[in-house]
Amino acid sequence: MQENYIQNLNPEQEKAVKHIDGPSMVIAGAGSGKTRVLTYKIVYLLQNNIKPSSILALTFTNKASKEMQKRIEEIVGFNYSNNLWMGTFHSVFSRILRFEANHLNYSSNFTIYDTEDSKSLIRSIIKELNLDKEIYKVNFIRNRISSMKNNFITAKEYNNKKELIEADKIAKRIEFGRIYNIYNNRCMKADAMDFDDLLIKTYELLSRNKDTLLKYQEKFKYILIDEYQDTNNIQYLIIKKIAALYKNICVVGDDAQSIYSFRGANIQNILNFKLDYPEHKIYKLEQNYRSTSTIVEAANSIIKHNKKQIKKKVWTNNIQGEKIIIAKTGSDNEESRIVAKTINDIQLQNEARYEEFAILYRTNAQSRALEEALRKRNIAYKIYGGLSFYQRKEIKDLLSYYRLTINQKDEEALKRIINYPARGIGLTTIQKLTIAANKMNISIWEVINNIEEIGLTINNGTKNKLENFVSLINTFKEEIEIEDAYTIAEKIAKKSGILSELYNDKTNEGINRFENIQELLNGIKTFTDSSEQNNTLPEFMKEVALLTNEDKEDQKTNNKVTLMTIHSAKGLEFPYVFIVGLEENLFPSLMSKESEESMEEERRLFYVAITRAKKRVFITFAASRFKWGQIIDCSPSRFIREIDSNCLEKKEMYSKETRKPVYSVHLKTRDRRDKTKQSVYQKKLRKINNNTINSRIDLTKITNGIKVKHNQFGTGTVINIQGEGINKKATVFFAGVGQKNLLLRFAKLEIIEK
DNA sequence: ACCTCAAACATTTTT
DNA sequence: TGTTTGAGGT
């Protein structure tokens, strides 16, 4: 074990590291060595003879936890680092839930439904109930269920909350409560949990079983939490419970980098921390070691525009560096070409490697033009986010075979593969099976196994096909606990017919899919070889649902330009950073204009983007941009004006090429669409561009206590008014949504009663 | 039961 | 623009 690592710390960092007894909070500005403090703190604990297994360290992404584990391992060795309880909230809690499954009416091999599975289940429920899918939109229903769960409103409680039912009534979604209830029952029946369940069920487990709670309170004597500003309400409550005994809890975060409120993250948790642990100590890390002083100053000048923030002054001793370049370009394609050219130039002049560059954008859809421009210049790049490897169709298909073999109740897996590859079991048959399963409250698998007893009318041919399918899965089942993961995984890939189905598809996509399957099998092989005792397929599958693209490191060549959303860039750093698409309605996003709060979150997002850079920042915006096959005129983002002009150098960059006219094959349909119904987006856009005053209602009529209706949040009560004239703002409490600050000139509020 | 094509849909961010 | 879904034909 190395002893001298503490020398690498400044006095404040050292104090934070050595504070191990009692609660502490580290407010860490961007680039101030936050990860270093966390890492060394864990090392320090281990050196003070704390057992690794009694340290719980929670991170925001798997990647962050892996990185930290690696750094700790380098200092203390694998035997110590391996026994730490380190990971994301979801992965650590799923471990606990599997261990304690018997307390919850779940088996320890329960399935984790990802977002796709949840949506597919909701889609079936809506269909079974014969509801109008225009009113009951799958995405909306899933989001609403998720937000209910994150606010601790069970399906039962929903039925007691008049405001919620009222809100759904107004939106003509009277059956929401029923869908919510059925959804929960179906998950339970399938021995499956969705992402939110992993948190909720953990909380339930700890609330209902005193012994279990005590066990984990005793176990986790030391708790550390990274990115605390992005924890949500349930996560906060679970941690509060576990930490209640020893109160050795250390949270690390930066309120200026809170960018996940759409997922329920709550900055309030930072304030609550002070109230919950009055004996706490706060350490502020304000020296930035990452960026040039120009970048630090620019970042400070932006975040200054936010009203809500904890006071701190980030500063640096680093050199001034070069100014931030802001480039105005003609179109999105031109923007991409200029970014690619600039990367090329810098790479040649400064002998920089491609891996030193990152291109950051607000939405995933922006990557397409950039990819094209990079490809044209033969610049190697890797792209994060978008469709995850594990979400690809062929991967999910094969994984569904594994899932069903492990858990026959897994309805979504069964539906996915019962007729893939095609074996002549059609929709009609599946419908009959589903109806019977719902009626008798058993799984589809059980129905198939008891067709005779149930008395279903299915012809003998189909019956035969069903029997073959069942015995196929049963043969896999016999071996899955005995064989190692790779052996059985490969066997299933072959015998299910997936491998040959894809092998025979000689189209480009087919070849690609075949290769992806090979890659998955290779991954399983690595898993099998690296873990000698617990190397069964069920063990492998426990991790898979929580993995994302970022966890699948591409080992081939690492010298590539990185493309990602700003959200996924959190916690990373690059010498050269390009931030593209700085246009009103894109960044800040159109959706964020309804309230001051979401506008401030967009601004924090911009702050995060700039502070990723070590040496240089390039910002670009375009005068026009392709969106849904149409060209949209854009104006520069307000954030550009907010940067201190001393840090900036402005450029206009037009290449000679103008946009080629686009001739559409589907001219007819587009014509009609343009004339008849304008897209919602267009309408919104026009509204914001044209009017500065909300014309629908008289703003003076909105006062304290008045009831209003909002088309997204439902009904709510005005609890506070600020400002005057066109800057008048209202704080409104919406049932089931919470408090929102709305700028009245934008928010389309209707007055319901006085 | 399966295949094909045109219409409809979608764009905020993700464990 | 690119992807998904559903109707209608075989």
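For the numbers below, each heavy atom of this structure counts, side chains included, while hydrogens, waters and symmetry mates do not. Throughout, protein chains are lettered first and strands after them, A, B, ... in sequence-line order, and every chain is numbered starting at 1. What you see is a predicted model; the values in this text were computed from it and never measured.
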Would A/R98 and A/F110 count as a cation-pi pair here, with the cationic atom under 6.0 angstrom from the ring centre and within 45° of the axis?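 Yes; both conditions hold, so A/R98 lies above the ring face of A/F110.
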
Is [X] touching bases, backbone alone, or none of the nucleic acid, heavy atoms closer than 4.0 Å?
| X | result |
| --- | --- |
| A/Y260 | sugar-phosphate |
| A/F60 | sugar-phosphate |
| A/T428 | sugar-phosphate |

Nearest to the side chain of [X], heavy atoms from C-beta on, is which of [options]?
| X | options | value |
| --- | --- | --- |
| A/R362 | B/dT11, B/dT14, B/dT13 | B/dT13 |
| A/S589 | B/dT12, B/dT15, C/dG2 | B/dT12 |
| A/H90 | B/dT15, B/dT13, B/dT11 | B/dT15 |
| A/T88 | B/dT14, B/dT15, B/dT11 | B/dT15 |
| A/N419 | B/dC2, B/dT14, B/dT11 | B/dC2 |
| A/N139 | B/dT12, B/dT14, B/dT11 | B/dT11 |

Contact under 4.0 Å: A/T115 side-chain N or O vs B/dT15 OP1/OP2: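 So the side-chain polar atoms of A/T115 never come under 4.0 Å of the phosphate oxygens OP1 or OP2 of B/dT15.
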
Distance test, side-chain N/O of A/N364 to OP1/OP2 of B/dT14, below 4.0 Å: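 For A/N364, the contact criterion (side-chain N or O under 4.0 Å from OP1 or OP2 of B/dT14) is met.
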
Considering heavy-atom distances to DNA chain B, does A/F89 or A/K137 have its closest nucleotide positioned more toward the 5' end?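 This one resolves to A/K137.
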
Please tell me which of A/R423 and A/E601 maps to the more 5' nucleotide of DNA chain B, matching each residue to the nucleotide holding its nearest heavy atom. A/R423

Between [X] ([atom1]) and [N] ([atom2]), how many Å, whole number?
| X | N | atom1 | atom2 | value |
| --- | --- | --- | --- | --- |
| A/N233 | B/dT15 | CG | P | 21 Å |
| A/R142 | B/dT14 | CZ | C1' | 10 Å |
| A/H567 | B/dT11 | NE2 | C1' | 14 Å |
| A/K119 | B/dC9 | NZ | C1' | 12 Å |
| A/D197 | B/dT15 | CG | C1' | 14 Å |
| A/L590 | B/dT11 | CG | C1' | 11 Å |
| A/I430 | B/dA1 | CD1 | C1' | 11 Å |
| A/L97 | B/dT15 | CG | P | 19 Å |

Whether A/F262 and A/H567 hold their rings parallel, tilted or perpendicular, with breakpoints at 30° and 60°: perpendicular

Kindly confirm whether the side-chain ring of A/F262 is stacked on the base of B/dT14, judged by centres under 5.5 Å and planes under 30°. no

Would the A/Y203 and A/F152 ring centres measure less than 6.0 Å apart?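 Yes, close enough.
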
Between A/T61 and A/K570: side-chain donor-acceptor atoms closer than 3.5 Å: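 The answer is no; no qualifying pair exists.
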
Side chains of A/T231 and A/N269: donor-acceptor distance under 3.5 Å anywhere?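 Yes.
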
Determine the Euclidean distance between corresponding P atoms of B/dT13 and C/dT4; express it in Å to zero decimal places.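 Each nucleotide's P atom is 16 Å from the other's.
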
Mind running ring-ring contact (aromatic ring centres under 6.0 Å, His included) on A/F60 and A/Y260 for me, showing each step along the way? CA-CA 11 Å; A/F60 192 70; A/Y260 278 90; 4.7 Å; yes

